[in-house]
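Just so we're clear, the structure is a prediction, and the values are computed from it rather than from any experiment.
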Amino acid sequence: MERFLAQLCGTSAARPLPLWEGNTTGHCFTQLVLSALPHALLAVLSACHLGTPRTPDYNPPCSPGWSLRLIASCLLSIFPLLDLLPVALPPGADPGPIWLEVLAGCVTAVAWITHSLALWVLAHSPHSRSRGPLALALSALLPTPSLVLTLLWHCQQDMFLSPLLPGPVARLCLLILQLAAVFAYGLGWAVPGGPGEPWTWTQELFLSSEVQESEVAEDGESWLSRFSYAWLTPLLTRGVHGELRQPHDICRLPHRLHPAYLARFFQAHWQEGAQLWRALYGAFGWWYLALGLLKLVGTMLAFSGPLLLSLLVGFLEEGHEPLSHGLLYALGLASGAVLSAVLQNQYGYEVRKVTLQARGAVLNTMYRKVLQLGPSRPPTGEVLNLLGTDSERLLNFASSFHEAWGLPLQLAITLYLLYQQVGLAFVAGLVLAPLLVPVNKVIATRIMASNQEMLQYKDARVKLMTELLSGIRVIKFFGWEQALGTRVEACRAQELGRLRVIKYLDAACVYLWAALPVIISIAIFTTYVLLGHQLTATKVFTALALVRMLILPLNNFPWVINSLLEAKVSLNRIQRFLDVPNHNPQAYYSPDPPSEPSTVLELHEALFSWDPVGTSQETFISHLEVKKGMLVGIVGKVGCGKSSLLAAVTGELHRLHGQVGVWGLSKGFGLATQEPWIQFATIRDNILFGKTFDAQLYGEVLEACALNDDLSILPAGDQTEVGEKGVTLSGGQRARIALARAVYQEKAFYFLDDPLAAVDADVADHLLHRCILGVLGHTTRLLCTHRIEYLERADMVLLMEAGRLVRAGPPSEILPLVQAVSKAWAQDGHEPDAAKAQSVQTPEKTEEGLEVEQSISDRLLQEESKKEGAVAFHVYRAYWRAVGQGLALAILFSLLLMQATRNAADWWLSHWISQLKAARNSSQEVSTSASPGSTGLFSAQLLLFSPGSLYTPVFPLPKAAPNGSSDIRFYLTVYATIAGVNSVCTLLRAVLFAAGTLQAAATLHHRLLQRVLMAPVTFFDSTPTGRVLNRFSSDVACADDSLPFLLNILLASSAGLLGLLAVLGSGLPWLLLLLPPLGIIYYCVQCRYRASSRELRRLGSLTLSPLYSHLADTLSGLPVIRAARATHRFEEENQRLLELNQRCQFASYATMQWLDIRLQLMGAVVVGAIAGIALVQHQQGLANPGLVGLSLSYALSMTGLLSGLVSSFTQTETMLVSVERLEEYSCDLPQEPQGQPLKEPFLFSGTVRENLDPRGLHEDGALWQALEQCHLNELIVSMGGLDRELGEGGRSLSLGQRQLLCLARALLTDAKILCIDEATASVDQKTDQLLQQTICKRFANKTVLTIAHRFARVQSESSKTMAAWTQSSPSGPFTDPNRQGLGISAPLCPGTTLGPLCHIDRGLFISFPSMEPGTITYRDRLYSLEGRGGRTCHLSPLEHCPCPLP
């Protein structure tokens, strides 16, 4: 190397690269170091911007500043080449060495050519709106000092003395022209890039600050831009400026990460029934395995750093090696650090991209499976857990697999190096180290088992919360908030029980990880001494460093295995879900259409069941033919199988045998289910259901379904948003909107499941004549109903009984077999004259409270709130309080004690070795004193391997002869004692931290649950269930697991940094001067990162909620979606929502890697700079090897520790966003008191007993009596008794049976007021009459408020009844039974005086005469009775009503 430099520079081998010559720097040093290196940097930074612009259609005019810079750059690329002509041609421009000039000139020319191309690209992109990247301009000016020094060097060579030679003069002129071009370049940069574009010093250090709208991430970027993540600049700039407010502010996904591409790509490897892992391997496995090469190289480079540092310090200490060796060591050290940082960073980034690809493929496949599910479907809560928790655990495999072989490799290399240091003595420690493996294996096995149980309890909790939120209205009216809250808390307690086991086992692992290095070190050193060896600093501190490296793979390997096992558990759960039988129309329906052309439906010997083995009630149809255009009525008692027959025809049941033939199957059906499925969208979107808007057809559908007047009273008309599942609509409105949706699809075949049950007689008559017999008159219709008076015009009537089709024929034959309709019913329910039909336009909406909510806001669905900026202090305080102030203080105190004793152990060991070396008075020791009278001895190797363990003692310690066994015992005893205290403190800290995080997890969930349960109904009307479930699922999981894990790392890093600074400040305080510049750089980088990472985390949570809601919505409306053949549209919507969430996930991962590469490169620059300065000092004879080694070791240690601290702090802050979201609900939700019992068919998962008596207040006899009075006792006995599970939402029962079970539940209450909202709308008339008798008998002395459309039911409930009718006009007496509206029945005692009546929020409430006219109070809120929706709501006092009806 020296000879090469001497030949290149024309110098002597003794000084091949002189730093100073005469009165200026050496010419070779100027050309190689001050010119070639800056130009190389300029070329590298310019190459970063040679990628394709992200907006290629953007072609603005070039501004004068950019033009001047382009011209100057082109000239600067030509001048160095022209400068070579005088050098090469005679007479040569002596004294410059020709090859040195050629090398410097070529590097300069290549750099400016690259820079010119980069400027041209930037000038024709949105970057031209400003001056462009600051770092690029500064790098262009960096070579200026070399030009000035070269000019001075030429002047010193007497070039102006006669005779003047043309070569030197030409070179001098070219040099002056280069300086002028550089000046012109700087002048061009000073000119603004565009109007109104001021430059600020807050621009990105390496990249530009322009914000580009919806730029595509990564695609089209240069390799250097990819390595430096330059393409993230617009995103980070928006984050700094607070402009990351919605997912569309984030850069778009690269093409290979887009869900639509992934869906197509993965489907080529996936087929139904295949193993998921095989498909993932086929799609992404080869590239993922190739990334293992990056992992391997990075692992090997991790060991090159200590070796090169050792060689460099040895070079500085010995001074006998040639300079070329020192240069190679320094360059190798810096290059190895840079290369290791880049490779490790790219490995992590590419693994995360593979993880996102797999995530997109898995979630898309799971959603597609949801669309194909057959009748045997898992509960919604379980599917949500598969989507949120199991998919994430499965994808953890990507980061764990390569660690599974990388850690054993690190272990093997570390053991070999340890053997090189202490010989066979390492076996003593190795005997202890393997003990860690079985211990960790046991711990990992226990954790895996506990984790699996915890997931089951979490499934149950989320499932229960899903049902609780679905039936929140009934829960509130029954006052069951605390009862069902207790059930949720019970599930949570079981979940926390398993979590407690996991956390304390985690604490054991933390203890082993922290305490075992000291124990192994004691064993190794004791054995080494007993074998007759003398301890040296090199041996001791090298062995300590290697022991620490040994513990990392030993401790992490079981956790990697545990992560792989968790991934396997989640893979099995997802695989079981994917293996659930599909809805397969090709196998379900007969391949041939019905034999006769006029037949559209044919069933022959067809047996159906809700489960594949036929254990539930079966539906058997011996033979059924339906002709085209027929209206077929289906009648029978409640639970007889009417809805099952429709489900059988639409393919929603298991066909056990027989044939089902349907004409026009591919065109789909029009389906209106018994429980109307309404999406959280506008009324128009619900009706259109993805179909193109047709104004004429839309108007016809609204008129046919009697919706015009309902829409006219709403503030936004059909653009009014309805609540999730239509909770802000009445039952009749939900039924009519669902019917309108089916009608608008214009199908040839319609299945209408009791659409007339929830409307009054006039609306039912209108729907029959205008819709079923009108708009749908040309179609084939199957109509289930209990209102048999409307089936007289049917073409055929089917009579069902116990799941069997017992009779089929014309209405005249079948209807007489059904219980006759009472005369009162017929009189009240049928209006034959045409004029009366117009009265149907009186809107049902006057019965509803939707307009109350809409008067507040035309938009019901409010955007989910998102905090901005740094996580507020109150969030930290909330978590501190959740942990408990005393427990939190104890955790911090034990943490400080642990770090203090660890530093004390290192200090004692360093003192021991110092005394040994001082006693031997070795010639290899370099004595340094920190204070008078103190002795601190260092060697280069000691400083190298113990960055955090040495400092100069500041007080004298007793000295003893080093060779006596008693002295060795003394030092070992003190060392072991300190280590023992450290072990106790470590264990205490681990246990306290586990207890604190468990307490916080329990407290946060409890506060959230209690607050949500007491929230008003209006909150649930305007908030999707998925948004609330996201808090109870993802955010709670984060507070349970992810946050404590990162917080533990943050606390350990903080304590380690404090200990390091304490040792460094007391021993070598001058090194603290490095902290300010490092601190400023780190602060700037982490601030820029944190500003974006916080918002990306929040946006990630926001975009996850719609995914949950969409999945839950799809599961509940699956029959309608499939009947309308809308699965493709829903899959596209899922991909759109997934794309937004993937955007946030990808951007979050990329910004983490952006931070990592900068922190790592900054550390490499610091180490390289120290090494370079050391070589320069060595050449001048000023180098101190001890101080250089110490500086290098501490620089490495501090940089790594600060990197870990920044990373853990920013990740902890992003995890605290979950606590912030939990606190948002726990603190900000409004509260309301409990209400009165309301009867609505809401059931939750559990047994019959739990649904009847959630609080366990009644004996079995009372439960059976209530069931008998509701005519359910035989059904419950046949099902298996009171302990039979009803399934999610009670889906094992028909809707009518669910209504009866809910009525039985109401009979068990002791409430003074009973509200019954269409309690028997879905039961047959005979059962209805029996139930009315039961109600009259059981509630003879109670107040009963009944909402009913069958007036005979109201009259039968009491001999003293008042009937009130809500309407839009005050005209007409309330006693007119022909007035349409709402029937209220209440037994009146003599002399009872009640105030105004009003219907608010789907319930009836009475206020007393103390109220002012025109207002009503409901749950401490005042409502106006006038001006609702532009109409007047007239309410009369009850005492002014005529006498009660007889």
Side-chain angles (χ1 to χ4, degrees), residues 583-608 619-636 641-653 655 657-674 691 701 704 738-739 741-755 767-768 771-785 790-791 793-800 805 807-811 813-814 1119-1127:
H583 169 74
N584 188 356
Q586 288 74 21
Y588 188 88
Y589 296 100
S590 299
D592 300 325
S595 55
E596 297 185 13
S598 60
T599 303
V600 294
L601 172 63
E602 184 176 6
L603 284 79
H604 181 70
E605 297 296 329
L607 180 64
F608 307 94
T619 301
F620 177 73
I621 308 297
S622 59
H623 186 76
L624 173 64
E625 286 189 12
V626 177
K627 304 296 184 181
K628 184 177 181 180
M630 290 182 64
L631 171 60
V632 180
I634 306 175
V635 297
K642 300 183 296 297
S643 299
S644 296
L645 175 59
L646 296 187
V649 179
T650 56
E652 297 300 325
L653 265 65
R655 181 178 60 82
H657 61 74
Q659 296 180 351
V660 181
V662 180
W663 178 85
L665 188 63
S666 61
K667 298 179 181 179
F669 316 111
L671 176 62
T673 56
Q674 191 173 22
K691 191 177 178 182
V701 170
L739 179 62
R741 176 182 59 213
V743 174
Y744 191 82
Q745 302 307 305
E746 294 186 293
K747 303 293 183 182
F749 212 151
Y750 281 87
F751 300 94
L752 311 176
D753 195 351
D754 216 1
L767 294 177
L768 177 67
C771 181
I772 299 173
L773 298 177
V775 175
L776 300 181
H778 65 286
T779 66
T780 305
R781 296 137 291 165
L782 268 65
L783 173 64
C784 291
T785 183
Y790 296 121
L791 294 179
R793 297 184 58 178
D795 299 297
M796 181 169 62
V797 177
L798 309 179
L799 177 61
M800 300 292 297
L805 176 59
R807 291 290 296 272
E813 294 181 8
I814 304 300
V1120 176
I1121 296 171
R1122 288 205 288 237
R1125 301 299 187 262
T1127 54

Pairwise distance [atom1]([X]) to [atom2]([Y]) - rounded to 0.5 angstrom:
| X | Y | atom1 | atom2 | value |
| --- | --- | --- | --- | --- |
| Lys747 | Thr779 | NZ | OG1 | 12.5 Å |
| Glu652 | Tyr588 | CD | OH | 8.5 Å |
| Ile1121 | Leu671 | CD1 | CG | 11.0 Å |
| Leu791 | Arg793 | CG | CZ | 12.0 Å |
| Leu739 | Leu776 | CG | CG | 7.0 Å |
| Leu783 | Ile772 | CG | CD1 | 5.0 Å |

Where [X] and [Y] come nearest, the two heavy atoms and their spacing:
| X | Y | answer |
| --- | --- | --- |
| Lys691 | Tyr744 | NZ-O, 3.1 Å |
| Leu646 | Cys784 | CD1-SG, 3.5 Å |
| Ala704 | Val775 | CB-CG2, 3.6 Å |
| Thr650 | Ala647 | OG1-O, 3.1 Å |
| Gln659 | Ser590 | CB-OG, 3.6 Å |

Would a distance-only check, ignoring hydrogens and angles, find a side-chain to backbone donor-acceptor pair under 3.5 Å from [X] to [Y]?
| X | Y | value |
| --- | --- | --- |
| Tyr750 | Ala742 | yes |
| Tyr589 | Val649 | yes |
| Arg807 | Leu799 | no |

(message) Under the criterion side chain to side chain contact (heavy atoms under 4.5 Å, CB included), I'd like the reasoning laid out for Leu782 against Leu601: C-alpha separation, chi angles, the key distance, then a yes or no.
(response) CA-CA 11 Å; Leu782 268 65; Leu601 172 63; 4.2 Å; yes
(request) Indicate yes or no: at least one non-hydrogen side-chain atom of Glu605 is less than 4.5 angstrom from one of Ser622. (result)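 Glu605 vs Ser622: side chains touch.
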(message) Just so I know, are the side chains of Arg655 and Leu607 near enough to count as touching, which here means a heavy-atom distance under 4.5 Å?
(response)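 Counting from C-beta outward, Arg655 and Leu607 never come under 4.5 Å.
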(request) Using the side chain to side chain contact (heavy atoms under 4.5 Å, CB included) rule, take Asp754 and Lys642 through it: C-alpha gap first, then chi angles, then the decisive distance, then the call. (result) CA-CA 10 Å; Asp754 216 1; Lys642 300 183 296 297; over 6 Å; no
(message) Checking Phe751 now: which residues fulfil ring pair (Phe, Tyr, Trp, His ring centres under 6.0 Å) with it, not counting sequence neighbours?
(response)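 In terms of ring pair (Phe, Tyr, Trp, His ring centres under 6.0 Å), with neighbours along the sequence ignored, Phe751 is linked to Phe669, Phe749.
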Contacts under 3.5 angstrom, residues 624-636 side chains, donor-acceptor by atom type, not counting sequence neighbours:
residue: Glu625; atom: OE2; partner: His623; partner atom: NE2; Å: 3.3
residue: Lys627; atom: NZ; partner: Glu596; partner atom: OE1; Å: 2.7
residue: Lys627; atom: NZ; partner: Thr599; partner atom: OG1; Å: 3.1

